[in-house]
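The next block holds one structure in the form of structure tokens; read it before the comments.
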Amino acid sequence: MFLKEFFVGVIGTNCYLAGNEKTKEMLIIDPGDNAKTIIRFIEDSEYTPVAVLLTHGHFDHCMAARDVAEHFGVPVYVHEADKEIMENPAYNCCGMIGKELSFTADQYFHGEHEQVSLAGFTFDVFHTPGHTPGGVCFYFPRENILFSGDTLFCESVGRTDFPKGSMGQLVRSIKEKLLVLPDITTVLPGHNEQTTIGNERQYNPFL
């Protein structure tokens, strides 16, 4: 896997580009802002995007999703339980930047766990509610990589004081679905620095 990380938006969100070095296809994960920068990098690369994947529906993760998706003619994916979060300005937290914004997706993940094949990768989509009702994490077992969005951070967890958040749900999601992964799994979160499952199992004070 080829990985490129962008630090985007006023809140500082991690946007990831995950390229398959064999198929030369690419997944765009959480393009929260800076659409022009993301598009320019991809166009200058050897990779062809096939999808935009959102870990959840807050504005700082999806604000550039539609522009990027339409430029490359690819669908935007999010979990069905975050459809309302994306579309409703009262829930997607865009008021933090003094705007009233609504977002849409094209395809929806369903249920607690899906195995998906895109861009030559086969990966797991774990439904991890708590930060939002439809928060998900993307786990690539062959690469030992977890894109955790705002569910799990380095020695921290996502906020649950936003509309429809739940700390009980969040901790349960992490313990039941993420901490069971191998210790060596690299965790690439939605904000701040990367970590590993082993480190979080040992040092995360919320867990």
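All values below were derived from every heavy atom in this structure, side-chain atoms included, with hydrogens, water molecules and symmetry-related copies excluded.
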Is [Y] reachable from [X] through a run of I, L, V, M, F, W or Y residues, each pair having side-chain heavy atoms under 4.5 Å apart?
| X | Y | answer |
| --- | --- | --- |
| L54 | V136 | no |
| V180 | F138 | no |
| L27 | V76 | no |
| I184 | L207 | no |
| F162 | M167 | no |

So, the side chain of [X] versus the backbone of [Y]: is there a donor-acceptor pair under 3.5 Å, distance only?
| X | Y | result |
| --- | --- | --- |
| D60 | I11 | no |
| N92 | F59 | no |
| T122 | S117 | no |
| D82 | G57 | yes |
| T185 | P182 | yes |

Can you tell me how far apart [atom1] ([X]) and [atom2] ([Y]) are? Round to the nearest 0.5 Å.
| X | Y | atom1 | atom2 | value |
| --- | --- | --- | --- | --- |
| C154 | Q194 | SG | CD | 9.0 Å |
| F206 | K175 | CZ | NZ | 12.5 Å |
| L181 | S148 | CG | OG | 11.0 Å |
| Q115 | F126 | CD | CZ | 9.5 Å |
| F121 | T23 | CZ | OG1 | 6.5 Å |
| F7 | T37 | CZ | OG1 | 13.5 Å |

Open item on the list: A cation-pi test, strictly: NZ or CZ of K4 under 6.0 Å from the centre of the six-membered ring of F6 and no more than 45 degrees from its axis. Yes or no?
Closed with: yes

Determine the sole option in [options] for which the side chain to side chain contact (heavy atoms under 4.5 Å, CB included) test with [X] is passed.
| X | options | value |
| --- | --- | --- |
| C137 | L152, L146, V125 | L146 |
| M26 | V74, L118, I42 | I42 |
| T132 | E84, H79, K164, H58 | H58 |

- [ ] Scan for salt bridge (Lys or Arg N to Asp or Glu O under 4.0 Å) pairs involving residues 143-161, sequence neighbours excluded, and state none if there are none.
- [x] R159-D161

TODO: Mind jotting down which residue pairs meet the salt bridge (Lys or Arg N to Asp or Glu O under 4.0 Å) criterion with at least one end in residues 105-134? Sequence neighbours excluded, please.
DONE: R66-D106, E112-K177

Contact summary for [X] and [Y], nearest pair of heavy atoms:
| X | Y | answer |
| --- | --- | --- |
| A18 | M1 | CB-SD, 3.9 Å |
| G32 | V8 | N-CG2, 3.9 Å |
| F103 | C62 | CD1-SG, 3.5 Å |
| A35 | D67 | CB-CB, 4.0 Å |
| P163 | A90 | CG-O, 3.6 Å |
| P129 | S173 | O-OG, 2.8 Å |

TODO: Check the pair L17, L3 against side chain to side chain contact (heavy atoms under 4.5 Å, CB included), reporting the backbone distance first and the verdict last.
DONE: CA-CA 6 Å; L17 306 182; L3 271 174; over 6 Å; no

Should [X] and [Y] count as side-chain neighbours, where that means a heavy-atom distance under 4.5 Å?
| X | Y | value |
| --- | --- | --- |
| T195 | P189 | no |
| L188 | N14 | no |
| L53 | V116 | no |
| I39 | V68 | yes |

Would the [X] and [Y] ring centres measure less than 6.0 Å apart?
| X | Y | answer |
| --- | --- | --- |
| Y108 | Y77 | no |
| H127 | H113 | no |
| F147 | Y139 | no |

Going by atom types alone, do [X] and [Y] pair a side-chain donor with an acceptor below 3.5 Å?
| X | Y | value |
| --- | --- | --- |
| T128 | T151 | yes |
| H131 | Q169 | no |
| E87 | S102 | no |
| S166 | T160 | no |
| D30 | T55 | yes |

Open item on the list: What verdict does the side chain to side chain contact (heavy atoms under 4.5 Å, CB included) test give for L179 and I174, after you've listed the backbone C-alpha separation in whole Å, the side-chain angles of each residue and the deciding distance to 0.1 Å?
Closed with: CA-CA 6 Å; L179 294 190; I174 295 170; 4.0 Å; yes

TODO: Can you sort out the partners of E5 under salt bridge (Lys or Arg N to Asp or Glu O under 4.0 Å), two or more places apart, ordered by chain and number?
DONE: none

- [ ] Name all residues meeting the salt bridge (Lys or Arg N to Asp or Glu O under 4.0 Å) criterion together with K24; count only those two or more places apart in sequence or in a different chain, and write none if there are none.
- [x] E46

Task: Residues in side chain to side chain contact (heavy atoms under 4.5 Å, CB included) contact with T48, at least two apart in sequence or another chain - done: none

- [ ] Would you please classify the geometry between the H191 ring and the F153 ring as parallel, tilted or perpendicular, with 30° and 60° separating the classes?
- [x] perpendicular

Task: Neighbour count >12 (heavy atoms, 6.0 Å) for atom CZ, F41 - done: yes

Open item on the list: Among residues at least two apart in sequence or on other chains, which ones pass side chain to side chain donor-acceptor pair (under 3.5 Å) with D33?
Closed with: none

